[in-house]
Every structure is written in structure tokens, then in C-alpha cells.
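Heads up, the thing below is written out as C-alpha cells.
Here is the naming used below: chain letters follow the sequence lines, and residue numbers restart at 1 for every chain.
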Amino acid sequence: MSKLDILLMAWQNLLRRKVRTFLTVLGVLIGTTSIVVMISLGIGLKESITQNMAQWGSLNQITINSFVQFDEEGKPIGEAKALNDNAVEELRSLSGVLAVSPGYEIGGEASWGRRQGYISLVGLDPSQMRQFEFETTRGRLLESEDRFNIVLGGMVGYNFRDPSKPMEPHDEIPWEDRHLDEHNPTIAMVDERITLNVRNNTGRERKFSFNVIGMIDPLKMDRSWNAYAPIEEVKDIRTFIQGNTAKNNRARTDNGYVQGPSSDDYNFIWVQSENIERTKDLSKEIRDMGYQAYSMADNLEGIEETSRIIQAILGGIGAITLFVAAIGIINTMIMSIYERTREIGVMKVIGATFSDIRILFLTEAGLIGLAGGFAGLGLSYLLSFVVNKVTANMFGPGMGAEFAISMIPPWLALFALVFSFFIGLLAGLYPANRAVKISPIEAIRTS
Amino acid sequence: MLNSSDPLVRIKELKKYYRVGDERIEALRGIDLEIPQGEFISIVGTSGSGKSTLLNIMSGLERPTKGEVVIAGARLQKVKERRLSDFRRENIGFIFQSYNLLVQLTALENTVLPLIFRGVGKKDREKRGREILEIVGLSDRMYNKPNQMSGGQQQRVSIARALINRPKIIFADEPTGNLDSKTTEEILELLITTARAHHSTLVMVTHDPAVAKRADRSIHLQDGMIIREERYHHEENR
Ligand SMILES: Nc1ncnc2c1ncn2[C@@H]1O[C@H](COP(=O)(O)OP(=O)(O)O)[C@@H](O)[C@H]1O
Ligand SMILES: [Mg+2]
């Protein structure tokens with residue numbers, strides 16, 4: 001029997017009992033839809049969370065802070081290892097580490113032309129800047145030879161204003177739109193000089209001037225309010241601020257944190273890992289070594305776990321539905337064989353082989369599965385579209401055009417079709433075997 | 001290979017027992033029969049005498065309990081279950097009392113069904129189907145479903161279906177049992193002439209003595225045994 005004839009005959013047989021076929025297909029449809037929508041939610045959720053988190057900081061970066069928390073009596077809680085060059089070496093030797101940079105962080109008043117403002121200055125190893133996924137929208141990043149050069153975060157310009165003018169043009173622009181502002185004042189700062197005014201604890205004042213050589217994408221939220229300069233320059237400023245007092249003991253700051261064992265210790269060390277998977281492990285390894293390490297990827301672990309649980313629950317519901325649908329197919333096929341006993345007998349008498357009969361019934365069951373798969377996939381696309389529309393409206397357009405809580409990648413669509421077809425085939429195995437075993441004379445005798 | 005002088009059917013000491021509970025029913029109790037190629041043989045007997053059982057065994061639908069059945073050179077006991085359908089498709093045409101057409105198929109589709117199982121292409125098989133339906137006088141009913149046809153017309157389709165594979169032997173189990181006398185005569189005439197035209201051997205079960213007399217030879221069955229055999233000579237048959 002040719003494949004086309006089998007297909008046609010199976011198709012005609014399914015059409016003979018339209019309502020029953022439809023109801024059976026409906027079962028597969030619901031099962032497939034549940035599974036596809038559920039997997040798509042899992043994928044979409046994880047994907048959009050990853051994308052959103054990446055805005056708030058690189059998922060490949062681990063930050064190690066020197067801050068030690070103190071109890072009410074001023075004793076340190078727990079132990080934090082000193083952030084010095086030994087620590088840098090130790091961290092650099094870990095596997096999967098692409099780059100390590102120590103850093104200092106200071107803040108101070110600054111001026112840009114007639115404008116006054118505040119700047120939060122971060123000192124980094126200038127040769128490592130590129131490795132830490134910094135990207136400029138104007139100018140360039142720091143290089144090893146740079147000295148009194150500085151790269152600004154994309155929003156730094158908003159911190160400056162001319163004291164003689166009551167309003168700056170950008171004051172009109174609402175905050176949530178400022179990172180998109182074409183008139184971002186930071187742009188105008190590139191290639192200009194800014195001057196930092198610092199005062200140490202003995203009351204002495206000093207000015208440090210920097211050339212602005214670049215500006216970072218304002219969309220990088222975690223970096224948009226800082227300015228980045230070579231570490232040696234920032235260290236000098238820091239030494240000046242600390243004066244003599246810093247040398248002998250820890251300087252207590254306003255917020256209850258106290259800096260590490262030596263005043264020369266770095267404020268933080270950044271570690272860049274080779275990929276997100278490695279970041280999670282590295283972050284933990286570094287914590288186990290006694291550092292206070294933190295990474296955006298740490299949160300990812302929890303989110304992934306949640307996403308996995310949601311996927312498992314939803315997928316489970318889908319699997320149960322499909323299982324019930326498979327029983328539906330078996331039931332339909334057995335009923336159909338029962339009704340068609342005589343017909344099967346006649347076909348055998350006039351020359352249908354065992355395999356003709358088996359393949360015919362397997363095809364009918366497979367077609368039910370495939371039809372349910374196609375219909376279910378169609379419905380899934382529709383549901384996915386609706387869910388994305390609704391959530392996009394709920395969370396607002398701030399999430400970006402890419403935001404989709406339900407995603408059906410091509411592999412999922414293909415998987416749904418193949419899977420539902422195989423469910424059909426599998427459900428058809430037992431009924432088909434029963435059909436093969438029907439004895440022709442007994443079938444003909446039953447009238 | 002089958003020699004032309006060999007009989008097409010050779011049955012020796014054929015016995016068929018059924019077991020129903022503790023009881024043994026002896027449907028056939030030792031049948032010896034040879035049917036030469038091209039013969040038209042009728043099997044008569046009262047209801048329950050074993051006519052259908054004999055026919056079913058000859059066509060490979062049932063296994064004998066004892067004895068030997070050789071059809072077209074094939075020793076049926078030796079043929080495996082799954083090969084029997086091939087055997088039937090190659091050698092046998094079957095006509096039932098109750099037509100047994102597939103209700104969802106048209107006359108043409110029913111007719112060509114054996115060719116579908118053979119894997120013959122749609123164009124070829126429909127051409128042959130039309131030719132044969134024309135021979136059985138149904139050129140105007142090709143696209144009718146069974147429920148749109150009379151009993152006589154349905155039996156014509158079933159004859160066309162039995163002939164389409166050009167079988168060596170046609171088994172007909174009371175083919176006119178459900179038909180009135182006028183239609184019986186037409187169907188019988190058709191069956192005899194077409195079987196002859198196709199050089200097919202025809203084995204027909206009937207309990208109508210008038211129908212039985214149309215054959216070359218008639219076998220009388222009673223309680224699973226052949227009790228009598230008659231030969232008839234018809235000028236128009238030869
Ligand atoms: N499958 C079966 N199981 C039990 N008994 C059977 C079976 N088939 C036929 N018989 C019995 O065998 C005998 C012959 O039956 P059958 O060949 O159908 O007779 P006929 O066709 O001459 O009327 C009957 O007594 C019948 O009841
Ligand atoms: Mg009978």
C-alpha cells in the first residue's frame with residue numbers, strides 16, 4: 001500500500017466521525033498548548049530578566065568590597081580580608097578570570113567651566129577598562145599611559161549647574177527620559193576639563209584637574225553616575241585627603257562602615273569572569289576565600305531557580321494534560337476499531353497485510369496527534385502574543401521593545417509538532433496491534 | 001510451479017474441529033476434493049453442514065485441524081499467518097452473501113481496494129476499476145456509496161472487486177442468498193460469464209438446487225462429509 005493511499009484513507013476515516021475526532025484533537029490541542037505556553041513563559045521570563053539585569057550591571061563582573069560592618073561597641077563583625085596587591089594576585093590566579101582591577105572611590109566637589117557640581121570618582125587600572133565591558137558613546141576609554149584623563153558616566157553632566165542661572169535646559173525633561181536625552185549635558189563635557197576641589201582633615205584645600213576623554217552609554221545604569229580615572233591619580237588624591245590621621249588607625253565614616261586594616265588598602269577589587277555560568281561559581285569561591293564578594297549573577301541564581309520551578313510546575317500540568325489526551329486517543333482508536341471490526345476483516349480478506357492495517361491505524365492516531373499539535377501551536381502563538389501585550393502594558397514601555405515574557409523559539413515550535421505526533425503514534429500502538437490481531441472470519445461473521 | 005494438468009485445489013482427509021466449552025464440534029470430518037483449473041463447482045448442503053468452513057479453509061482464512069490443503073501449488077498449512085494475506089491477494093477473489101463493501105467508499109473505490117493494497121497507482125487502478133464496473137453493468141453507479149445502491153448492485157460491485165486482481169480462484173459464499181429470484185438469475189449469469197472470461201475457477205456455496213445445477217459439478221455436504229457428487233453438462237457453458 002502506498003504512503004499516499006494510507007494517508008488519504010486514514011484522513012477519510014478520521015473525517016467519518018468528525019465530532020469524535022474533533023474532541024480527541026481538542027485534548028491534544030489543550031495538552032500541547034499548555035506545554036508550549038508554559039515552556040515559552042519559562043524561556044521568556046528568564047530571557048527578559050537576564051536582559052533587564054544586564055542594564056543594572058554586567059553579569060560577568062564580581063565586586064569585592066573592603067567594608068567591614070561593626071557592632072555597637074565598635075568591634076568588627078566577622079572578618080574581611082585586606083584588599084591589597086596580594087589579594088589582586090590571588091584573585092588573578094583563579095580560573096575563569098579574564099581581568100582584575102583594584103580600585104579607589106572618592107567623592108568631592110568639582111567644577112566644569114562656570115558650572116559647579118559633585119563628582120564620584122572611581123580609580124581603576126586604566127589598562128583593564130576595556131576588559132570590564134566599558135563602552136563609550138563619545139571619545140575613548142582609558143589606556144595604560146593615561147594619567148590626568150577621565151571617562152564620565154553618561155549622566156554625570158546632570159550633576160553640574162551654573163550658580164548664576166536658576167534653570168538648566170535639561171531641568172524640563174522628566175527623570176525617566178533623561179537617559180534618552182539628546183541634549184544630555186554630559187556630551188558637552190567630552191574634551192573639556194573638569195577640576196576636583198578636595199579638602200583634607202587638616203583643612204587644607206587642593207585642586208586636581210582632569211581632561212574628559214570619553215563618555216559611557218547612559219543606559220548602563222550602574223556606571224552612569226560615576227567618573228573613571230587612572231588608579232594612581234585617585235590614590236594620590238586619597239592620600240592627600242587622609243592626611244596624617246589615616247596612617248595610624250581606621251577612619252570611621254558617617255555611614256557606620258569602616259575601611260580595612262590599612263589605609264593603603266583598596267576600596268574594592270573588580271573581577272571580570274569569562275561567562276555568566278562561571279561568574280556564579282567564582283562569586284561563591286571568592287566569598288569562601290573570606291572576601292565580601294557580590295555579583296549581579298548571584299541574583300540570577302535565585303531567579304533561575306524560580307524560573308525553573310515555574311517551568312517545572314507548568315510543564316507538569318502540560319504533561320498531565322497530554323497524558324490524558326493520549327488516553328483519549330487510545331480510547332477513540334479502540335472505539336473506532338470496535339466499530340470497524342467487520343471492515344478490518346474485509347480488508348484482510350481482500351489482501352490487506354498486517355503491516356497495512358498497523359500502519360493505517362498508527363497513521364490515524366499520529367494524524368490526531370499532529371492535528372492537535374498544529375492547532376495547539378497556533379493557539380500557543382496567540383496566547384503568547386496576548387500575554388506579552390498584557391504584560392507590556394502592565395509594566396509600561398520602559399522595559400524596552402525586546403521585552404517578552406513568553407517566547408516561542410523555532411526549536412520549541414518544532415518540538416511541539418514532533419512531540420504531539422509521537423504522542424499520537426505512541427497512543428496508537430496498542431489499538432493498532434489490536435486491529436492487526438482481528439481474525440478476518442470472526443470479523444465477517446459479526447454483523 | 002503449477003503444472004497445467006495439476007488440479008488447482010487438492011484437499012486430502014481434511015478435518016476441522018471446533019471446541020466450544022467442553023464440547024467438540026466436528027464441522028468437517030474428512031473431505032477429499034480436487035478442483036481442476038477453470039472449473040465451476042457448487043457446494044450444497046443444509047445449514048450447518050460445513051460449507052462455509054470448507055470455503056474458509058480453502059481460502060486460507062481458517063486453519064485445518066487435520067489433513068492437507070494445496071491451492072495453486074501452495075501448501076496452506078506451511079504458509080505463515082502474515083503471508084496468507086499476500087497469498088489471498090495473489091490468488092483469490094472472495095464474494096460474500098452480505099456483500100461486505102466498505103460503507104465509506106464509492107463503488108469505484110471499493111472495486112479497486114485490492115489494487116490499493118497491492119500498491120497499484122491511482123491512475124492505473126481506476127482505469128481497471130472502470131473497465132470492470134462496466135463489465136458488471138455499473139458504469140452509471142461508479143461514484144455511488146453502498147447505501148445508495150440496491151442489493152443486486154452492491155453484489156455486482158463485490159463481484160467486480162473479486163475479479164479485479166484476476167484471481168486464479170473465486171470463492172463465493174451464498175452470493176445470491178440475500179437477493180430475489182430475478183436478481184439472483186442476473187448475478188449468477190454475471191458471475192459465471194465473468195469468471196469464465198477471466199479463466200477463473202469458481203467455487204460457489206449455495207443451498208438453492210437450481211443455482212447449484214448451473215455448475216459443472218456439484219458437491220453435496222452433510223455433517224461435514226461429502227455425501228454425493230453430480231456433474232452437469234451445459235451447452236452454453238463450454
Ligand atoms: N468458529 C466456530 N466455532 C464453533 N463452531 C463453529 C464455528 N464455525 C462454524 N462452526 C460450526 O461448524 C458447523 C459448520 O458450520 P458452517 O461451515 O458455517 O456451516 P454452513 O456454512 O454449511 O451453514 C456448524 O455446526 C457451526 O455451528
Ligand atoms: Mg454458511
Side-chain angles (χ1 to χ4, degrees), chain A residues 1-21 332-333 335-364 367 432-447, chain B residues 16 18 52-53 55-57 59-63 80-106 109-122 124-126 145-146 158 160-165 167 170-171 173 178:
Chain A
M1 213 174 159
S2 83
K3 289 190 182 75
L4 185 66
D5 285 327
I6 288 181
L7 206 63
L8 278 174
M9 201 181 267
W11 182 248
Q12 282 170 351
N13 283 333
L14 290 178
L15 290 185
R16 271 158 82 187
R17 295 260 184 271
K18 288 193 186 65
V19 175
R20 189 167 67 196
T21 303
T332 294
M333 294 306 295
M335 270 174 73
S336 160
I337 285 164
Y338 183 74
E339 288 169 4
R340 281 151 65 188
T341 301
R342 192 185 177 83
E343 176 184 322
I344 295 162
V346 172
M347 297 205 298
K348 285 184 163 185
V349 170
I350 63 177
T353 62
F354 282 19
S355 80
D356 286 339
I357 302 285
R358 178 175 286 118
I359 291 172
L360 179 64
F361 282 92
L362 281 180
T363 307
E364 286 183 26
L367 276 181
N433 254 1
R434 266 180 74 146
V436 166
K437 286 203 184 102
I438 286 174
S439 141
I441 27 152
E442 262 158 45
I444 289 162
R445 222 176 262 139
T446 50
S447 28
Chain B
K16 177 70 184 180
Y18 292 106
S52 295
T53 305
L55 213 62
N56 290 341
I57 289 175
S59 55
L61 292 172
E62 268 187 291
R63 295 284 190 183
K80 291 222 168 61
E81 187 72 31
R82 55 173 60 244
R83 296 248 69 96
L84 277 176
S85 54
D86 297 333
F87 166 79
R88 276 197 294 275
R89 207 173 45 207
E90 300 303 321
N91 299 296
I92 288 168
F94 218 103
I95 299 164
F96 307 92
Q97 178 176 354
S98 47
Y99 330 128
N100 276 323
L101 302 178
L102 302 203
V103 291
Q104 75 274 25
L105 302 183
T106 63
E109 289 165 337
N110 264 297
T111 304
V112 302
L113 200 54
L115 295 183
I116 292 182
F117 293 133
R118 252 194 168 174
V120 177
K122 191 175 165 81
D124 284 355
R125 68 186 185 226
E126 299 217 324
K145 298 263 172 88
S158 135
R161 180 178 68 185
L163 288 170
I164 198 152
N165 261 344
I170 296 170
F171 294 109
D173 195 345
N178 286 359

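- Using a 4.5 Å cut-off between heavy atoms, Met9(A) touches chain B through its side chain atoms alone.
- Contacts of Ser158(B) classified as side chain to side chain donor-acceptor pair (under 3.5 Å), with partners at least two apart in sequence or in another chain: Gln155(B).
- Looking at Arg161(B), only its side chain comes within 4.5 Å of chain A, counting heavy atoms on both sides.
- Using a 4.5 Å cut-off between heavy atoms, Glu81(B) contacts chain A through both its backbone and its side chain.
- Contact annotation for Asn100(B): both backbone and side-chain heavy atoms come within less than 4.5 Å of a heavy atom of chain A.
- Top candidate by heavy-atom pairs under 4.5 Å with chain B, chosen from Leu4(A), Asn13(A), Val349(A), is Val349(A).
- Contacts of Leu115(B) with chain A are absent, with no heavy-atom separation under 4.5 Å from either backbone or side chain.
- For Asn165(B) (side chain) and Arg89(B) (main-chain N/O), a donor-acceptor pair under 3.5 Å exists by modelled atom type.
- Interface summary for chain B: among Ser439(A), Gly345(A), Ala352(A), Pro440(A), the most heavy-atom pairs under 4.5 angstrom belong to Ala352(A).
- At a 4.5 Å heavy-atom cutoff, the contact between Leu102(B) and chain A is made by side-chain atoms alone.
- For Arg88(B) (side chain) and Gly60(B) (main-chain N/O), a donor-acceptor pair under 3.5 Å exists by modelled atom type.
- Only the side chain of Phe96(B) comes within contact range of chain A, with at least one heavy atom under 4.5 Å from a heavy atom of that chain.
- Salt-bridge check for Glu343(A) with Arg16(A): passed, with a basic side-chain N closer than 4.0 Å to an acidic carboxylate O.
- In this structure a side-chain-to-backbone donor-acceptor pair under 3.5 Å is present from Asn110(B) to Leu105(B).
- Here Asp124(B) does not pair with Arg118(B) in a salt bridge; the nearest charged N to carboxylate O distance is not below 4.0 Å.
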